[in-house]
Amino acid sequence: MTVTILAPIFTLLAIGFAAARTGLLTAEGNAGLLKTVSCFAIPALLFRSLADGRGGSGNAEIAIVYLCGCAALLVVAFIYGRMALRLSLAECVVFGMGVIYSNSSLIGVPIAQALLGREGVALLSEIIAVHTLVLIPAATLLLAFSEGEGPGRVSKALVAAVSNPMTLSLAAGLAWRQTGVPLPAPLDHIVGPLADAAPAIALIALGATVARVPLLATSAAPFASVVLKLVVHPLLIWTIARNMGLPHDQTLIATVTAALPPGINVYVLAAHFGRHAEDAARSFALATTLSAVSVAVVVQAFAWG
């Protein structure tokens with residue numbers, strides 16, 4: 001089961017990786033591909049998964065469990081970053097985000113879809129909402145203040161964080177679901193092809209991104225980040241979910257999401273503020289490569305359970 005689910009996903013990552021390394025997909029071309037994915041394809045998939053009313057209703061528990069786990073691990077990451085790695089406050093923010101912010105859109109969506117279909121994507125959407133509406137704005141705020149930015153700059157950054165296409169698609173999908181009206185055929189014919197193409201395009205673009213990131217590191221931070229992200233994070237989320245009595249499917253999606261590598265937004269934030277960007281890029285590349293193992297272990301463990 002694990003190989004059947006994960007092999008196509010990481011094969012698409014490998015295709016993107018090879019396309020970038022051979023020059024078939026240039027950096028400019030990949031930037032356009034990522035923009036298409038983040039602005040159109042993934043938002044269409046998230047909107048459809050929520051708007052059709054299948055699953056995701058009354059699943060706030062999965063978001064609460066995930067947020068509790070992220071908060072606890074963020075404290076651990078901050079303490080370790082300050083005391084063991086001697087990172088600055090801004091660097092600790094980037095380090096901590098790399099530990100708790102999963103690549104739930106580009107990798108998580110196709111995995112959730114493979115595991116549980118639209119129900120899986122709807123459950124994952126609850127976690128993506130936490131990522132988008134809580135984690136990114138909070139990290140932006142902390143980084144802005146640590147850099148001594150004024151309130152005006154902070155408010156602009158927060159507005160940008162909560163007004164991106166993925167946030168808007170989640171809000172639109174939730175609003176549409178409340179009406180109880182099925183998607184009209186003309187709208188579904190527009191959203192459908194974009195949503196269906198999202199996983200493959202996203203994975204190829206991400207593979208091409210990883211191909212351009214240097215893996216060698218001169219500090220311990222990237223390796224510590226990978227261990228906390230791929231080992232500690234899923235174990236912590238699974239423990240909290242079990243103790244809170246979360247249903248099997250929700251526990252599966254939450255744990256798998258925690259076992260994913262960090263999202264590329266962590267690197268984007270680090271590069272924007274000029275803090276810990278190089279190590280963030282290395283963490284992203286290493287964790288993305290090794291997440292084949294962490295995700296496979298989690299999926300197989302639930303299959304045996």
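- With a 4.5 Å cut-off on side-chain heavy atoms, Val93 and Phe78 count as touching.
- In this structure, Thr26 and Gly29 approach most closely via the heavy-atom pair OG1-N, 3.0 Å.
- Checking side-chain atoms of Thr209 against main-chain N and O of Ala205 turns up a donor-acceptor pair under 3.5 Å.
- Of the possible polar contacts, one joining the Thr179 side chain to the Trp176 backbone as a donor-acceptor pair under 3.5 Å is found.
- The stretch residues 81-105 participates, sequence neighbours left out, in these ring-ring contact (aromatic ring centres under 6.0 Å, His included) pairs: Tyr101-His131.
- No side-chain heavy atom of Trp238 sits under 4.5 Å from any side-chain heavy atom of Val298.
- By the side chain to side chain donor-acceptor pair (under 3.5 Å) test, Asp188 pairs with no residue at all, sequence neighbours left out.
- Both Leu45 and Leu34 sit in one connected hydrophobic cluster of ILVMFWY residues. Membership requires side-chain heavy atoms under 4.5 Å apart, directly or through other members.
- Under the 4.5 Å side-chain criterion, counting only non-hydrogen atoms from C-beta, Cys70 is not in contact with Val130.
- Note: Leu206 CG to Leu106 CG = 5.5 Å, rounded to the nearest 0.5 Å.
- Using a 4.5 Å cut-off on side-chain heavy atoms (C-beta onward), Gln250 and Glu61 make contact.
- Here the straight-line distance linking atom CD1 of Ile107 with atom OG1 of Thr288 works out to 5.0 Å at 0.5 Å rounding.
- Grouping the Ile, Leu, Val, Met, Phe, Trp and Tyr side chains by contacts below 4.5 angstrom, directly or via other members, places Leu89 with Val76.
- In this structure, the side chains of Ile253 and Leu116 come closer than 4.5 Å at one or more pairs of heavy atoms.
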Under 3.5 Å donor-acceptor pairs involving side-chain atoms of residues 192-202, not counting sequence neighbours:
from: Asp196; atom 1: OD1; to: Arg48; atom 2: NH1; distance (Å): 3.3
from: Asp196; atom 1: OD1; to: Arg48; atom 2: NH2; distance (Å): 3.1

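- Checked by atom type and distance alone, the side chain of Ser102 never pairs as donor or acceptor with a backbone atom of Pro262 at under 3.5 Å.
- With hydrogens and angles disregarded, no donor-acceptor distance shorter than 3.5 Å links the side chain of Ser225 to the backbone of Ala221.
- One finds the CD1 atom of Ile9 at 6.5 Å from the CG atom of Leu203 (value rounded to the nearest 0.5 Å).
- Remark: of the listed residues Val231, Leu230, Ile237, Ile237 is the sole one forming a side-chain contact (heavy atoms from CB on, under 4.5 Å) with His233.
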**Report entry** side-chain contact (heavy atoms from CB on, under 4.5 Å) assessment of Phe17 paired with Thr289
**Finding:** CA-CA 11 Å; Phe17 186 94; Thr289 303; over 6 Å; no
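- In this structure, the separation between CG on Leu124 and CZ on Arg118 is 15.0 Å, given to the nearest 0.5 Å.
- Evaluation of the side-chain hydrogen bond (donor to acceptor under 3.5 Å, both in side chains) test over residues 74-95, restricted to residues two or more places apart or in two chains, returns Ser88-Glu91.
- Looking at residues two or more places apart in sequence or on another chain, you find no side chain to side chain donor-acceptor pair (under 3.5 Å) involving Asp249.
- For the atom pair CG (Leu73) and CD1 (Ile240), the distance works out to 9.0 Å, reported to the nearest 0.5 Å.
- For Arg212, the CZ atom is densely surrounded, since the number of other residues' heavy atoms within 6.0 Å is greater than 12.
- Residues Pro222 and Val226 form no side-chain contact, since every pair of their non-hydrogen atoms from C-beta on lies 4.5 Å or further apart.
- By the criterion of side-chain heavy atoms lying less than 4.5 angstrom apart, applied directly or through intervening Ile, Leu, Val, Met, Phe, Trp or Tyr residues, Leu46 is not grouped with Leu183; the two fall into different hydrophobic clusters.
- Counting heavy atoms from C-beta outward, Ser104 and Val109 have side chains that stay 4.5 Å or more apart.
- Side chain of Thr255 to main chain of Leu252: no donor-acceptor pair is present (N/O by atom type, distance under 3.5 Å, no hydrogens or angles).
- For the atom pair Leu135 CG and Leu67 CG, the distance stands at 6.5 Å (nearest 0.5 Å).
- Take His248 and apply the ring-ring contact (aromatic ring centres under 6.0 Å, His included) test, not counting sequence neighbours, and it matches Phe302.
- Side-chain atoms of Asn243 come within 3.5 Å of backbone N or O of Thr239 as a donor-acceptor pair.
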Query - Full working for side-chain contact (heavy atoms from CB on, under 4.5 Å) between Leu13 and Val210 - result: CA-CA 9 Å; Leu13 282 171; Val210 171; 5.9 Å; no
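- There is no path of hydrophobic side-chain contacts, each under 4.5 Å, that joins Ile100 to Leu235.
- When side chains are defined from C-beta on, Val191 does not count as touching Phe40, because their heavy atoms never get closer than 4.5 Å.
- Put simply, Leu123 and Phe47 are part of two different groups of oily side chains (I, L, V, M, F, W, Y) that touch within less than 4.5 Å, one to the next.
- Formation of a donor-acceptor pair under 3.5 Å by the Lys229 side chain with backbone atoms of Leu260 is found in this model.
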Report task. Might you work through the side-chain contact (heavy atoms from CB on, under 4.5 Å) test for Ser291 and Phe10, ending with a clear yes or no? Result -> CA-CA 10 Å; Ser291 64; Phe10 287 100; 3.9 Å; yes
